[in-house]
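Heads up: numbering here begins at 1 and tracks the sequence. Model, not experiment: these values are computed from the prediction.
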Amino acid sequence: QVQLVESGGGLVQAGGSLRLSCAASGRTFSVSTMNWFRQAPGKEREFVALISWNGGVTTYADSVKGRFTISRDNAKNTVYLQMNSLKPEDTAVYYCNQKWGTTNVWGQGTQVTVSS
């Protein structure tokens with residue numbers, strides 16, 4: 001059974017940086033696509049970033065492109081989201097997501113709050 005645990009969220013001022021981590025259990029991490037999503041109160045959950053199983057492909061939402069970087073360390077079963085130049089509109093709960101085949105697993109989320 002896969003378990004994902006996000007960490008690294010917090011309160012930062014606009015223009016600041018945070019690094020989120022997602023630690024995965026199980027044996028499928030290294031063959032899985034990993035994603036970050038986020039959801040603000042009252043809004044739909046939206047895609048933020050994707051990284052392929054070997055890190056060869058990364059994809060970003062237009063809203064974060066150039067500011068956020070997704071990476072992974074398969075030896076540590078961990079995916080990261082480095083967030084720079086944060087804006088108040090980045091405020092949301094950030095969720096780690098693991099996909100392989102038709103399986104879709106979510107973490108519990110970590111709160112990111114960006115003040116102006």
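For the 3.5 Å distance criterion, the side chains of Gln82 and Ser71 fail to qualify, holding no donor opposite an acceptor. Side-chain atoms of Thr33 and Asn35 include no donor-acceptor pair closer than 3.5 Å.
Formation of a donor-acceptor pair under 3.5 Å by the Tyr60 side chain with backbone atoms of Ile70 is found in this model. A donor-acceptor pair under 3.5 Å is absent between the side-chain atoms of Asn104 and the main chain of Asn97, judged by distance alone. A donor-acceptor contact shorter than 3.5 Å is absent between the side chain of Thr113 and the backbone of Leu11.
Within a 6.0 Å radius of CH2 in Trp53, no more than 12 heavy atoms belonging to other residues, nucleotides or ligands are found. Within 6.0 Å of atom CD in Glu44, 12 or fewer heavy atoms from other residues, nucleotides or ligands are found, so the atom counts as exposed in its surroundings.
At least one side-chain heavy atom of Asp73 sits less than 4.5 Å from a side-chain heavy atom of Tyr80. Annotation: side chain of Val112 is not in contact with side chain of Thr91 (no heavy-atom distance under 4.5 Å). Side-chain contact check for Val2 versus Trp100: some heavy-atom pair is nearer than 4.5 Å. A 4.5 Å side-chain heavy-atom check between Val64 and Arg38 finds at least one atom pair inside the cut-off. Proximity of Met83 to Tyr94: side-chain heavy atoms (C-beta onward) are separated by under 4.5 Å at one or more points. Using a 4.5 Å heavy-atom cutoff, the side chains of Arg67 and Lys87 are in contact.
To the nearest 0.5 Å, atoms OG (Ser7) and CD (Gln108) are separated by 8.5 Å. For the atom pair Asn77 CG and Ser32 OG, the distance stands at 9.0 Å (nearest 0.5 Å). Here the CD atom belonging to Gln98 is positioned 4.0 Å from the OG1 atom belonging to Thr28, to the nearest 0.5 angstrom. Rounded to the nearest 0.5 Å, atoms OG1 (Thr78) and CZ (Arg72) are 10.0 Å apart. Rounded to the nearest 0.5 angstrom, Trp106 CH2 and Glu6 CD are separated by 9.5 Å. Gln13 CD to Ser116 OG: the interatomic distance, rounded to the nearest 0.5 Å, is 9.5 Å.
Scanning for salt bridge (Lys or Arg N to Asp or Glu O under 4.0 Å) contacts around Lys43 gives an empty result, with sequence neighbours left out. Residues that satisfy the salt bridge (Lys or Arg N to Asp or Glu O under 4.0 Å) test with Arg45, not counting sequence neighbours, are absent from this structure.
Grouping the Ile, Leu, Val, Met, Phe, Trp and Tyr side chains by contacts below 4.5 angstrom, directly or via other members, places Leu4 with Leu81. Clustering ILVMFWY residues whenever any of their side-chain heavy atoms sit less than 4.5 angstrom apart, transitively, puts Trp36 in a cluster other than the one holding Leu50.
For the pair Lys65 and Asp62, the salt-bridge criterion is met [side-chain N within less than 4.0 Å of a carboxylate O].
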Contacts under 3.5 angstrom, residues 14-26 side chains, donor-acceptor by atom type, not counting sequence neighbours:
| residue | atom | partner | partner atom | Å |
| --- | --- | --- | --- | --- |
| Ser17 | OG | Asn84 | OD1 | 2.9 |
| Ser25 | OG | Gln3 | N | 2.8 |
| Ser25 | OG | Gln3 | O | 3.4 |

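The two atoms that bring Phe47 and Thr59 nearest to each other are CZ-O, 3.7 Å, heavy atoms only. Here the closest heavy-atom approach between residue Val79 and residue Cys96 is recorded as CG1-SG, 3.6 Å.
Ring centroid separation for the pair Tyr95 and Phe37 does not come in under the 6.0 Å cut-off.
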